[in-house]
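Side chains included, hydrogens not; waters and symmetry mates left out as well; all remaining heavy atoms used. Counting starts at 1 for both ligands and their atoms, following the listed order. What you see is a predicted model; the values in this text were computed from it and never measured. Numbering of residues begins at 1 and proceeds along the displayed sequence.
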Amino acid sequence: MKVGIIGTGYVGLPTGVGLAELGNQVTCIDREPSKIEALQAGKITLYEDGLEELFHKNVKAGRIKFTTSMKEGVSGADLVIIAVGTPPHPVTKEADMKYIHAAATELAEYLTGYTVVATKSTVPVGTGDDVEALISKKNPFADFDVVSLPEFLREGFAVYDFFHPDRIVVGANTEKAKNVIKELYKPFEGKTNMLFVKRRSAETIKYASNAFLAIKIHYINEMANFCEKTGAKIEEVAKGMGLDTRIGNRFLNPGPGYGGSCFPKDTMAMSYMARQNGVEMTLINAAIQGNLQRKKQMAQRILEAVKDIENPKIAVLGLAFKDGTDDCRESPSMDIVGELITQGANITAYDPKAMGTACQLVGNKIQYADDMYQAIKNADVLAILTEWAEFKNLDLEQAAHLMRHKKIVDCRNLLAPEKAKILGFEYHGIGR
Ligand code: NAD
């Protein structure tokens with residue numbers, strides 16, 4: 001199948017590479033010339049495990065190409081996928097639809113023959129109708145259907161998730177469009193759940209899922225607070241809860257709050273949509289407020305650990321919003337670092353993949369280390385903010401020698417508290 005993908009970000013690029021690997025002829029379009037130039041030159045523009053190899057393989061096979069030209073990517077395509085950003089509006093916090101509307105308008109004039117336009121971006125309910133109207137207005141003769149094809153990939157596992165999806169949700173209002181999507185996902189037939197629903201249901205499923213997961217994280221964080229006061233241990237509580245198949249054991253790791261480019265914006269967008277429709281979403285609103293507080297509380301916890309030290313040096317391990325990615329958008333770590341900077345803290349940070357993206361956000365307000373031991377050298381407190389596996393293997397004996405004061409605030413519960421205490425560390429975990 002000939003596929004055009006608009007937007008080569010964290011969703012568009014892995015999707016394009018994945019679809020090429022399945023044998024489709026893919027053209028990725030982005031309005032950012034620097035991204036396209038890099039991709040054309042064979043340089044991958046974001047970090048995802050396994051993406052680089054697959055990217056080179058498919059470029060070499062001639063199944064994927066990159067362009068800034070909408071015409072080149074859209075004309076002749078059987079399917080055009082919209083994967084542009086839907087960031088929060090700066091004032092209302094609803095999903096800002098300017099990129100979606102621009103993409104729909106720009107692609108319209110290049111549609112040739114029957115084409116399915118699929119929205120993969122996370123979009124408010126009713127967006128399919130708007131995209132349809134924009135295309136028809138610009139090109140009244142276009143023969144097309146708009147479907148909702150929400151994306152559920154996890155950053156850090158985008159390639160794995162592309163080939164092993166939990167479910168594929170398709171919101172299609174016509175049989176013809178449904179058949180095009182069925183053809184696209186034929187390789188997954190019998191291997192995953194494929195759910196065909198109304199377009200508006202598909203649009204809602206994405207927000208409902210993300211908001212639910214955000215609430216689950218907020219819930220376990222509040223339980224961790226409770227455990228800290230009562231002497232219960234959050235890991236044991238979470239394990240006991242997770243064995244109940246109605247609850248499930250995932251998303252029960254307490255931490256510094258949820259983050260990333262999806263949960264914060266999608267919970268706010270869902271809350272906005274609910275208000276617009278006269279529905280009160282008390283749980284989602286509580287999670288949004290609680291999560292904002294959470295990051296402030298974590299920064300406070302770090303500052304509290306060094307309150308008696310003059311001009312303390314804080315070592316931060318982890319800047320990305322989670323492990324396996326270089327994405328720092330809405331990263332709890334970045335918010336905590338921001339709060340610490342506001343309080344005048346002296347920070348040296350290390351992240352295995354996200355130093356470049358973090359640097360674009362905070363620049364020289366912090367110092368960057370080449371590895372974790374360089375970051376903690378002469379530090380007065382070590383704050384672990386992202387759950388990278390390599391931090392679990394931190395040699396605590398070496399850390400004890402390198403640090404000026406032996407204090408750890410482990411916001412991801414990666415280290416063994418008993419071992420840390422034996423080595424003389426003052427250890428603060430989460431809900432432990
Ligand atoms: P991103 O910001 O990484 O990428 C978007 C890309 O679209 C950018 O490269 C931008 O230059 C390009 N773009 C914007 N307007 C364009 C236009 N008119 N023509 C061509 N290119 C254009 O965003 P992302 O993280 O990939 O997210 C995309 C969408 O997918 C969002 O709605 C997001 O909520 C959703 N989503 C993201 C994830 C995730 O893990 N990142 C997961 C599921 C769903």
Would you mind telling me if ligand 1 is within reach of the side chain of D327, the backbone, both or neither, using heavy atoms under 4.0 Å?
-> neither
Residue, atom and distance of the protein heavy atom nearest atom 17 (C) of ligand 1 read R31 NE, 3.7 Å
Ligand 1 versus V11: contacting region, heavy-atom distance under 4.0 Å | both
Residue pairs, two or more places apart or on separate chains, that pass side chain to side chain donor-acceptor pair (under 3.5 Å) and touch residues 49-64 = E21-K57, E21-N58, N58-R63
Atom 19 (N) of ligand 1 - nearest protein heavy atom and its distance = I6 CG2, 3.5 Å
Element-labelled atoms of ligand 1 that are located less than 4.0 Å from some non-hydrogen atom of S261 = 41 (N)
If you take all heavy atoms of A379 and A315, which pair is closest and at what distance?
-> CB-CB, 3.7 Å
Atoms of ligand 1, numbered as shown, that sit under 4.0 Å from any heavy atom of L153 = 40 (O), 42 (C)
Considering only heavy atoms of Y10, which atoms of ligand 1 have at least one such atom less than 4.0 Å away?
-> 3 (O), 24 (P), 25 (O), 26 (O), 41 (N)
Could you tell me how the ring of F188 sits relative to the ring of Y185: parallel (under 30°), tilted (30 to 60°) or perpendicular (over 60°)?
-> tilted
Going by the atom numbers of ligand 1, which of them fall below 4.0 Å from some non-hydrogen atom of K35?
-> 8 (C), 9 (O)
Steps toward side chain to side chain donor-acceptor pair (under 3.5 Å) verdict (Y272, N277) | CA-CA 9 Å; Y272 179 88; N277 285 283; over 6 Å; no
So is T86 polar-close to ligand 1, meaning N/O to N/O under 3.5 Å?
-> yes
Using a distance-only test with no angle check, is there a side-chain donor-acceptor pair under 3.5 angstrom linking R200 and T204?
-> no
Close N or O approach (Y99, ligand 1; < 3.5 Å) = no
Shortest protein heavy-atom distance from atom 7 (O) of ligand 1, along with the residue and atom involved = G7 CA, 3.3 Å
Ignoring angles and geometry beyond distance, decide whether G12 reaches within less than 3.5 Å of ligand 1 through its nitrogen or oxygen atoms.
-> no
Protein heavy atom at shortest distance from atom 41 (N) of ligand 1 = E155 OE2, 2.7 Å
Would you kindly specify which portion of P150 sits under 4.0 Å from ligand 1, judged on non-hydrogen atoms: side chain, backbone, both or neither?
-> neither
Assess R167 against F152: is NZ or CZ under 6.0 Å from the centre of the six-membered ring, and within 45 degrees of the ring's axis?
-> yes
Ligand-residue contact atoms, ligand 1 with A83, heavy atoms, under 4.0 Å | 5 (C), 28 (C)
Within-4.5 Å side-chain heavy-atom neighbours: Q374 and Y350 = no
Heavy-atom gap R154 to ligand 1 smaller than 4.0 Å | no
Residue pair T357 / D326, side-chain donor-acceptor N/O under 3.5 Å = no
Distance-only donor-acceptor pairs under 3.5 Å for side chains of residues 75-88, two or more places apart:
residue: S75; atom: OG; partner: K71; partner atom: O; Å: 2.5
residue: D78; atom: OD2; partner: K2; partner atom: N; Å: 2.7
residue: T86; atom: OG1; partner: T122; partner atom: O; Å: 2.9
residue: T86; atom: OG1; partner: K265; partner atom: NZ; Å: 3.2

In this structure, atom 11 (O) of ligand 1 is nearest to the protein heavy atom D30 OD1, 2.6 Å
The closest protein heavy-atom partner of atom 35 (C) of ligand 1 is T122 OG1, 3.5 Å
Nitrogen or oxygen atoms of E151 and ligand 1 under 3.5 Å apart | no
Ligand 1 N/O within reach of K265 N/O, cut-off under 3.5 Å = yes
Polar-atom distance check: E32 versus ligand 1, any N or O pair below 3.5 Å?
-> no
What residue among E235, E236, E228 forms salt bridge (charged side-chain N to carboxylate O under 4.0 Å, His left out) with R432?
-> E235
Do S148 and E203 meet the criterion of a side-chain donor-acceptor pair at a distance under 3.5 Å?
-> no
Derivation and outcome, side-chain contact (heavy atoms from CB on, under 4.5 Å), residues V337 and I341 = CA-CA 6 Å; V337 165; I341 292 171; 3.8 Å; yes
What residue and atom, counting heavy atoms only, is the protein's closest point to atom 25 (O) of ligand 1, and at what distance?
-> R329 NH2, 2.9 Å
Are Y219 and F251 close enough that their ring centres sit under 6.0 Å apart?
-> no
Where's the contact between S121 and ligand 1, heavy-atom distance under 4.0 Å: side chain, backbone, both or neither?
-> both
Give the numbers and elements of all ligand 1 atoms closer than 4.0 Å to a heavy atom of G85.
-> 5 (C)
Does any non-hydrogen side-chain atom of V409 lie less than 4.5 Å from one of L382?
-> no
Which bit of E48 is near ligand 1, meaning a heavy atom under 4.0 Å away: side chain, backbone, both or neither?
-> neither
If we number the atoms of ligand 1 from 1 as shown, the ones under 4.0 Å from a heavy atom of K206 are 43 (C)
Does one side chain, of E94 or T92, offer a donor that lies under 3.5 Å from an acceptor on the other?
-> yes
Among non-hydrogen protein atoms, atom 28 (C) of ligand 1 lies closest to V84 O, 3.4 Å
Among side-chain atoms of N210 and Y258, is any donor-acceptor pair under 3.5 angstrom?
-> no
